[in-house]
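For reference, the structure discussed in these notes is given below.
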Amino acid sequence: MSATTTTSVETFRDPHGIMFVCLSGVLWSTVGLGIRLIEDVQVWQILFYRSFGLSALLYVVILFRTGESPFKLVWLTGWAGLIGALALVAAYSGGIYAMQTTSVANAMLLFASAPFMAAILGLIVLREQVKPHTWGAIAVALVGIGIMVWDESGSTAVIGNIAALASAFGFAVFTIALRWGKNGEMLPIVFLSGLLAIVIMGAICLILDLPLTLSQRDGAIALTMGVFQVGAGLVLYTLGSKSVPAAELTLLSLAEVILGPFWVWLFLGEMISRYTLLGGAILLLAIAGNTAFSARRRRPPPRI
């Protein structure tokens, strides 16, 4: 095999990494249903409880994978770890607030702008080149986002849309932090995000005089979300990040965008407006087109 062919094969995406990232999207797709099942509880209280489940899972996973103290590894992640963890806390907060103030479908579809934000940040921070077809997809995606936001005329819904976009930006920053530190053990970033969320959300609850005790049902749902929905999904996403470029990481995890609205419609009967459907279809078309072009360009060469 020639040297050129060897290099091309080595840079081809690891199929296990792709599978991990796709599975993370399936797990995340159930978050909207979990939020809807929780009763009259504010975002800060949900995050406070959910972060305990997330942190407990990550502690076990990191200890099992490395045999070292997760707290020690958190320190070793450096600035990439701190920035990524804070970005995740922001993404958590914006995501839950958006689902509480706008439809799950609208929130999930606006989250889908994350890969395009990651592409631009990857260009600025990591010097990862953005292909012309990705720029075209970004332009098409902006049209879809505009249609969806235009449909939401109420002030609360508008704030919910802004929160969803802010959540997408936070997740894009997290993606860049993972790529920045891809040669190290980056699961501690997720662990640190859970610890920071516990402290920050606990402080916010105390400042706002919100009770730190929830009903047995709501507390159990929030803790379960932390372990099985968010925690396991982030573990898979982080493991897959080592072999998948930043602009494609979030694209591959977008099963949540398709499945999230489906779960709340199936179990709770939450309907989707025609503007959300139209804007979401345009956005998903942009994502699918960009993924198809990327896959074609990255097809491995024949063996020689």
Side-chain angles (χ1 to χ4, degrees), residues 12-35 37 50-51 53-66 84 87-88 91-92 95-96 99 104-105 107-109 111-115 118 167-168 170-172 174-179 181-182 185-191 193-194 221-267 280 283-284 287-288 290-292 294-295 298:
F12 184 62
R13 293 173 297 178
D14 178 9
H16 292 97
I18 295 173
M19 180 183 68
F20 287 157
V21 177
C22 289
L23 285 175
S24 72
V26 174
L27 290 174
W28 292 333
S29 72
T30 61
V31 171
L33 179 61
I35 297 298
L37 291 175
R50 197 177 76 172
S51 298
L54 171 65
S55 300
L57 174 67
L58 265 295
Y59 183 90
V60 173
V61 169
I62 294 171
L63 190 63
F64 177 79
R65 276 175 49 83
T66 67
L88 266 185
Y92 300 152
I96 292 180
M99 290 184 190
V104 169
M108 287 284 191
L109 287 164
F111 295 160
S113 60
S167 177
F171 198 73
F174 168 65
T175 299
I176 297 305
L178 290 179
R179 295 293 295 167
K182 61 184 176 182
E185 177 58 55
M186 299 309 287
L187 279 177
I189 288 184
V190 185
F191 178 59
S193 75
I221 293 174
L223 285 170
T224 301
M225 288 171 60
V227 175
F228 295 105
Q229 294 178 328
V230 183
L234 283 171
V235 168
L236 292 171
Y237 185 86
T238 305
L239 293 176
S241 72
K242 292 180 178 292
S243 59
V244 181
E248 295 178 36
L249 268 174
T250 38
L251 287 171
L252 291 169
S253 67
L254 286 176
E256 65 169 320
V257 176
I258 305 296
L259 294 176
F262 173 74
W263 300 134
V264 293
W265 169 78
L266 180 64
F267 292 102
L283 180 57
L284 292 177
I287 293 167
N290 187 63
T291 303
S294 297
R298 290 178 175 274

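Computed from a predicted structure; not experimentally measured.
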side-chain contact (heavy atoms from CB on, under 4.5 Å), paired with R50, selected from V227, V31, I221: V31
Option passing side-chain contact (heavy atoms from CB on, under 4.5 Å) with V235 (candidates L54, L58, V190): L58
Heavy-atom pair of closest approach, residues A91 and F171: CB-N, 3.8 Å
Side chains of Y92 and S193, donor plus acceptor under 3.5 Å: yes
Nearest-0.5 Å distance that lies between atom OG in S24 and atom CD in Q229: 13.0 Å
Atom of A172, atom of A118 and distance for their closest heavy-atom approach: CB-N, 3.6 Å
Heavy-atom closest contact (A168 atom, A114 atom, distance): O-CB, 3.6 Å
Any residue meeting side chain to side chain donor-acceptor pair (under 3.5 Å) with S29, in chain and number order, not counting sequence neighbours: W263
For the student: nearest non-hydrogen atoms of A87 and G170, plus distance: CB-O, 3.3 Å
Parallel, tilted or perpendicular: ring planes of F191 versus Y59, cut at 30 and 60 degrees: tilted
Separation of F262 CZ from M108 CE (nearest 0.5 Å): 13.5 Å
Closest non-hydrogen atom pair between G84 and A177, with its separation: CA-CB, 3.7 Å
CH2-CG distance between W265 and L33, expressed to the nearest 0.5 angstrom: 13.5 Å
Gap separating the CD1 atom of I62 from the CG atom of L57, nearest 0.5 angstrom: 9.0 Å
Residues that S113 engages under side chain to side chain donor-acceptor pair (under 3.5 Å), provided they are two or more places apart: none
Separation of C22 SG from L27 CG (nearest 0.5 Å): 12.0 Å
Pairwise distance CG(L37) to OG1(T224) - rounded to 0.5 angstrom: 11.0 Å
